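For reference, the structure is listed below as C-alpha cells.
Keep in mind it's a predicted model, so treat the numbers as computed, not measured.
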Amino acid sequence: MTTPSSSTPSPGSPYGTLPPASPLPQRKPVSLPRLAQLRADGEKITMLTAYDATFAAVADAAGVECLLVGDSLGMVCQGLPSTVGVTLEAMRYHTESVSRGLHRVQGTAWLIADLPFGSYHESPEQALRSATTLMQAGAHMVKLEGGGWTAPTVRFLVERGIPVCAHLGLTPQTVHALGGYRVQGRGDEAAQTLRQHALELQDAGAAMLVLEMVPALLSAQLTQELPRCATIGIGAGKGTAGQVLVMHDMLGVNLGKNPKFVRNFMDGSGSVKAAIEAYVRAVKDGSFPDDALHAW
C-alpha cells in the first residue's frame with residue numbers, strides 16, 4: 001500500500017492551494033530554442049518574478065513564459081533593505097518551492113534563479129557549486145549580475161551545460177557601489193562600457209540578458225546588436241526582446257512606492273490571474289512599457 005508524499009497535500013487538505021492535478025498543458029514546455037524562436041519571430045518574451053508555489057502556478061496559467069526566482073525576495077519576502085543579505089540557502093528554498101508549484105500543475109514556464117551576492121564572486125568554481133545547488137532545486141537557468149569580470153564565469157558555466165542569464169545596467173547587488181538606484185549607461189563612455197560588456201557576455205554564451213534602468217535608445221540598439229542573446233528589459237524601454245517585473249510591484253502590493261517603470265496591472269482586474277494575463281497581453285502587443293512613462 002502506498003502512502004501520499006508528505007510534500008503533496010491530500011485531496012481533502014484545507015491547505016491545498018493548488019489543485020492535485022491539472023489538465024494537460026495547452027503549450028509545449030518553454031525551452032531555450034523556444035525562447036530563441038520567439039525572439040526571431042519578433043514576439044515579446046514575458047517574465048515575472050515568483051517566490052512560491054501558488055503564485056508560480058498562477059503566473060504559468062496566465063501565460064508567462066519565464067519565471068524568475070529573483071534575489072529581490074530579500075526585500076519582498078524577507079523585508080531586507082537590499083538584496084545583499086540574501087543567502088544561497090534562501091534561493092535554494094524558494095527555487096524548490098516555485099519548481100514544486102510548476103510541477104503540481106504541469107506548468108511549462110522556463111525557470112530562472114538568481115545567484116545571490118557572494119555566491120559566484122570568488123571563482124568560476126564557486127559559481128559552479130552555487131549554480132549546481134539551484135539547478136538541482138529545479139532551475140533551468142541561473143542569473144548573475146555584472147559585466148567584465150563575469151564573462152569568464154559565464155563561459156565556465158555554459159561550457160558545463162548550465163544556461164546563463166546575465167544582468168547589466170542597475171545591478172542591485174552592487175547598488176552601494178553604484179551610488180544608489182540610478183539609471184546606468186548614460187553618456188558616451190558609460191554606454192560604450194555597457195555595450196562592450198554585453199557583447200562579451202553574449203560571446204561567453206549568455207542566452208539572455210536583463211537590462212535594468214538603461215536608457216531606452218541604448219537598450220534598443222543593444223537588442224539589435226545581440227542576435228544570440230535575448231534582452232529582457234526592466235525600466236529599459238520597449239525595444240528589448242522581452243520584459244520583466246517584480247510580481248508584487250505589478251500587482252500593487254509592494255511595501256513602498258512603485259518605481260517609474262512599473263504599471264499596476266491590478267487596476268481594473270478582478271483577480272491576480274487576470275492582472276497577470278493583462279500584463280502578458282500588454283507586453284505582447286507593445287502597449288507596455290510606454291517609453292514616455294516607463295523609461296528614460
*Centre of Tyr279's six-membered ring, under 6.0 Å away, within 45 degrees of the axis: is that where NZ or CZ of Arg281 sits?*
no

*Val84 reachable from Tyr181 in the ILVMFWY side-chain graph, under 4.5 Å edges*: no

*Would Asp52 and Thr54 count as having a side-chain donor-acceptor pair, cut-off 3.5 Å?*
no

*More than 12 foreign heavy atoms under 6.0 Å from CG of Asp41: is that the case here?*
yes

*Between atom CZ of Arg160 and atom OG1 of Thr132, what is the distance when rounded to the nearest 0.5 Å?*
10.5 Å

*asked:* If we ignore hydrogens and angles and just use 3.5 Å, is the side chain of Gln126 paired with the main-chain N or O of Glu122 as donor and acceptor?
replied: yes

*Between His140 and Ala109, what is the shortest heavy-atom contact and its length?*
CE1-O, 3.5 Å

_Restricting to non-hydrogen atoms, name the atom on Gly180 and the atom on Leu170 that form the minimum distance, rounded to 0.1 Å._
O-CD1, 3.9 Å

_Enclosure of Glu89 CD (heavy-atom neighbours >12, cutoff 6.0 Å)_ = yes

_For the backbone of Lys238 and the side chain of Asp291, can you confirm whether one donor and one acceptor N or O come within less than 3.5 Å of each other?_
yes

*Begin from the C-alpha positions of Asp249 and Lys257 and carry the test salt bridge (charged side-chain N to carboxylate O under 4.0 Å, His left out) through to its verdict.*
CA-CA 9 Å; Asp249 287 348; Lys257 181 181 178 182; over 6 Å; no

*Without swapping roles, check the side chain of Ser219 against the backbone of Ala236 for a donor-acceptor pair under 3.5 Å.*
yes

_Ignoring hydrogens and geometry beyond distance, is a side-chain donor-acceptor pair present between Thr223 and Thr240 at under 3.5 Å?_
no

*Treat each ILVMFWY residue as a node, draw an edge where side-chain heavy atoms are under 4.5 Å apart, and state whether Leu168 and Val246 are in one component.*
yes

*Find out if a path of hydrophobic residues (ILVMFWY) with successive side-chain heavy-atom gaps under 4.5 Å connects Leu178 to Phe117.*
no

*asked:* Looking at Val283, is its backbone amide N or carbonyl O close enough to the side chain of Ser287 to form a donor-acceptor pair, meaning the two atoms are under 3.5 Å apart?
replied: no

*Where do Ile112 and Met208 land on the side chain to side chain contact (heavy atoms under 4.5 Å, CB included) test, with the steps shown first?*
CA-CA 10 Å; Ile112 307 164; Met208 302 181 84; 4.2 Å; yes

*Evaluate whether atom NE2 of His103 has more than 12 neighbouring non-hydrogen atoms of other residues, nucleotides or ligands under 6.0 angstrom away.*
no

*asked:* Is it true that, when you exclude Arg182 itself, more than 12 heavy atoms of the residues, nucleotides or ligands shown sit nearer than 6.0 Å to its CZ?
replied: no

_Minimum heavy-atom distance between Gly185 and Leu218, given as atom pair plus value_ = O-CD2, 3.7 Å

*Option passing side chain to side chain donor-acceptor pair (under 3.5 Å) with Gln173 (candidates Asp114, Asp71, Thr83)*: Asp71

*Inter-residue atom distance Leu245.CG - Ile276.CD1, 0.5 Å rounding*: 11.0 Å

*Strictly by modelled atom types, are His167 and Glu212 linked by a side-chain donor-acceptor pair under 3.5 Å?*
yes

_Evaluation steps, side chain to side chain contact (heavy atoms under 4.5 Å, CB included), between Leu32 and Trp110_ = CA-CA 8 Å; Leu32 282 181; Trp110 180 252; 3.7 Å; yes

*Is a donor on one side and an acceptor on the other found under 3.5 Å between the side chain of Lys44 and the backbone of Arg39?*
no

*Atom pair SG (Cys77) and OH (Tyr93), whose distance is rounded to the nearest 0.5 Å*: 9.5 Å

*Please report the shortest heavy-atom distance between Ile234 and Phe261, naming the atom on each side.*
CG1-CE1, 3.4 Å

_With a 3.5 Å distance limit and no angle check, can you tell me whether Gln243 reaches the backbone of Gly237 through a side-chain donor-acceptor pair?_
yes

_side chain to side chain contact (heavy atoms under 4.5 Å, CB included) evaluation trace for Met141 with Ile162_ = CA-CA 6 Å; Met141 170 182 262; Ile162 298 176; over 6 Å; no

*Check ion pair Arg195-Glu200 (N to O, under 4.0 angstrom)*: no

*Working to the nearest 0.5 Å, report the span between CD of Gln202 and CG of Leu209.*
9.5 Å

*Rounded to the nearest 0.5 Å, how far does OG1 of Thr49 lie from CE of Met250?*
9.5 Å

*Any chance you could lay out the side chain to side chain contact (heavy atoms under 4.5 Å, CB included) test for Leu128 and Tyr120, step after step, and finish with the verdict?*
CA-CA 8 Å; Leu128 176 60; Tyr120 58 97; over 6 Å; no

_Contact summary for Gln78 and Ala90, nearest pair of heavy atoms_ = NE2-CB, 3.9 Å

_Has Ser99 got a side-chain atom pairing as donor or acceptor with Thr95's backbone, closer than 3.5 angstrom?_
no

*Should Arg100 and Glu96 count as an ion pair when the cut-off is N to O under 4.0 Å?*
yes

_Check: Tyr51 side chain, Met247 main-chain N or O, donor-acceptor pair, under 3.5 Å_ = no

*For the side chain of Ser130 and the backbone of Ser119, is there at least one donor-acceptor N/O pair under 3.5 Å apart?*
yes

*At what distance, to the nearest 0.5 angstrom, does NE2 of His248 lie from OG of Ser72?*
9.0 Å

*What's the shortest heavy-atom distance between Ile45 and Cys66, and which atoms?*
CG2-SG, 4.0 Å

*Answer with yes or no whether the side chains of Arg92 and Thr133 bring together a donor and an acceptor at under 3.5 Å.*
no

*Indicate yes or no for a side-chain donor-acceptor contact from His121 to the backbone of Gly118 under 3.5 Å, with no hydrogens or angles considered.*
yes

